[in-house]
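Have a look at the structure below before the remarks.
The shown structure was predicted, so the numbers you read here are calculated from the model rather than taken from an experiment. Just so it is clear, the values below take in all heavy atoms, side chains as well, and ignore hydrogens, waters and symmetry mates. Indexing begins at 1, ligand by ligand and atom by atom, following the structure's order.
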Amino acid sequence: MSSKPRLYSGMQPSAESLQIGNYIGALLNWKALQQTHDAYFSIVDLHAITVAQDPALLRENTRRTAAQYIAAGIDPSASTLYVQSHVPAHAQLAWVLNTITGFGEASRMTQFKDKSARQGTDATTVGLFAYPTLMAADILLYDTQIVPVGEDQRQHVELTRDLAERFNSRFGPTFTVPEVSIVRDTAKIYDLQNPAAKMSKSAESHAGVIWVLDEPSVTAKKIMRAVTDADGGVVFDRENKPGVSNLLTIYSVMAERSVQSLEDEYAGRGYGDLKKGLVEVVAGTFGPIRERVQELLGDPAELERLLAHNAERAASVADVTLARAYAGVGLLPRTSQ
Ligand code: AQP
């Protein structure tokens, strides 16, 4: 085992392209963390199917998500980048964890409450209800010490800790109890048309979503039409100027510059100039990523070979933990013939 601390994180292949919030809130951090951690990055397709997906699109989006991880700087030889469903232990451990999770406990998960309220009872599946126990399995299979997530995922990681401790006290030491590591300085990116709402792949309207893989002209139009305010001052004030503040956050992260230096540069110049500057910076970052994604998707066999190789590496760790958990609960091992 590597001496570096073990880290696990993932994203759902729930759209053809990632959006800039995924890039800033997840990929940029992952890229930095892969240097100092033994990192496992998964494309969580089993989580994606907890809401309806078109099968052909899901396959394609899984390849595209993998290509975007790599193009954005995740190195598949330095970290383990794989597709969740390629490692059967995820679903197998999730089942065991379901059997020690209280119905009431799972019912209290706010993501489930929000998503099920949006979808209505008939469209809400048992799979969506069990989303957090599958996530717990993802984390526990790799003896993960650190799970870098946004505040919205804190409750799920806390459930994971509770389940690990419960299992260990009932069946003996089996799982490493992970730390909740909320990435505090991770910028939260908001929808350009509705700066009160988180930018999201599954937003109802795409007018306020910047996609990593969009043509630069499409992204430029969206940025130029971003909602601001009538005040005209390029000043960061999340409370009173949420639209401008969101643009400044994106600009600051993408250009690796302080918000203060942007405020100084654009003082007295108005929002048009700020937006034009942002258009350039986004195009400069996403241009090379788009090209690299096209290259990777041009050779799907090579991409799939790489994913298969990484899945083997992941499975060799996950299978050991699963065997420990199965033995712990008393499942009779299948002996070799
Ligand atoms: N707006 C955002 N700002 C900062 N970080 C964000 N993330 C997502 N949106 C923002 C981070 O990206 C990762 C993606 O996680 P996910 O794909 O499992 O699901 P999500 O968080 O629900 O992301 P989306 O884009 O909103 O997907 P859908 O619409 O499919 O649910 C996480 O690390 C998240 O913090």
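For a threshold of 3.5 Å applied to N or O pairs, the pair formed by K115 and ligand 1 contains no separation below that value. Geometrically, ligand 1 and K201 share a nitrogen or oxygen pair separated by less than 3.5 Å. Here's the thing with S14: one of its N/O atoms is less than 3.5 angstrom from an N/O atom of ligand 1. At least one N/O-N/O distance between M199 and ligand 1 falls below 3.5 Å. Taking distance alone, with nitrogen or oxygen atoms compared against 3.5 Å, M11 stays at or beyond that limit from ligand 1.
Both the sub-6.0 Å distance and the 45° axial angle are not jointly satisfied by R324 relative to the ring of F171.
Applying the salt bridge (Lys or Arg N to Asp or Glu O under 4.0 Å) test to pairs two or more places apart or on separate chains, those with a residue in residues 57-74 are E60-R63, R63-E304.
At a 4.0 Å cut-off, not a single heavy atom of I24 sits close enough to ligand 1 to count as contact.
In Q19, the part holding a heavy atom less than 4.0 Å from any atom of ligand 1 is the side chain.
Atoms of ligand 1 lying under 4.0 Å from at least one heavy atom of S200, given by number and element, are 24 (P), 25 (O), 26 (O), 28 (P), 29 (O). Close contacts between ligand 1 and S202 involve ligand atoms 28 (P), 29 (O), 31 (O) [criterion: under 4.0 Å to a heavy atom]. Taking every non-hydrogen atom of A26 and a distance limit under 4.0 Å, the qualifying atoms of ligand 1 come out as 12 (O), 13 (C), 33 (O). Taking a cut-off of under 4.0 Å to the non-hydrogen atoms of K188, the atoms of ligand 1 that pass are 3 (N), 4 (C). Interface of K198 with ligand 1, defined as ligand atoms under 4.0 Å from a residue heavy atom, comprises 1 (N), 2 (C), 8 (C), 9 (N), 20 (P), 21 (O), 22 (O), 23 (O), 26 (O).
No more than 12 heavy atoms of other residues, nucleotides or ligands lie within 6.0 Å of CZ in R225, so this atom counts as exposed by the packing criterion.
When ring centroids are compared, H156 and F112 stay outside the 6.0 Å threshold. Taking the six-membered ring for Trp and the full ring otherwise, Y8 and F41 have centroids separated by 6.0 Å or more.
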From CA spacing to verdict: side chain to side chain donor-acceptor pair (under 3.5 Å), Y142, D38: CA-CA 10 Å; Y142 299 96; D38 180 18; over 6 Å; no

Could you go step by step and tell me if D45 and S85 meet the side chain to side chain donor-acceptor pair (under 3.5 Å) rule? CA-CA 7 Å; D45 52 351; S85 65; 2.5 Å; yes

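Contact check on E280 versus K276 returns no salt bridge, with no Lys/Arg side-chain nitrogen under 4.0 Å from an Asp/Glu carboxylate oxygen.
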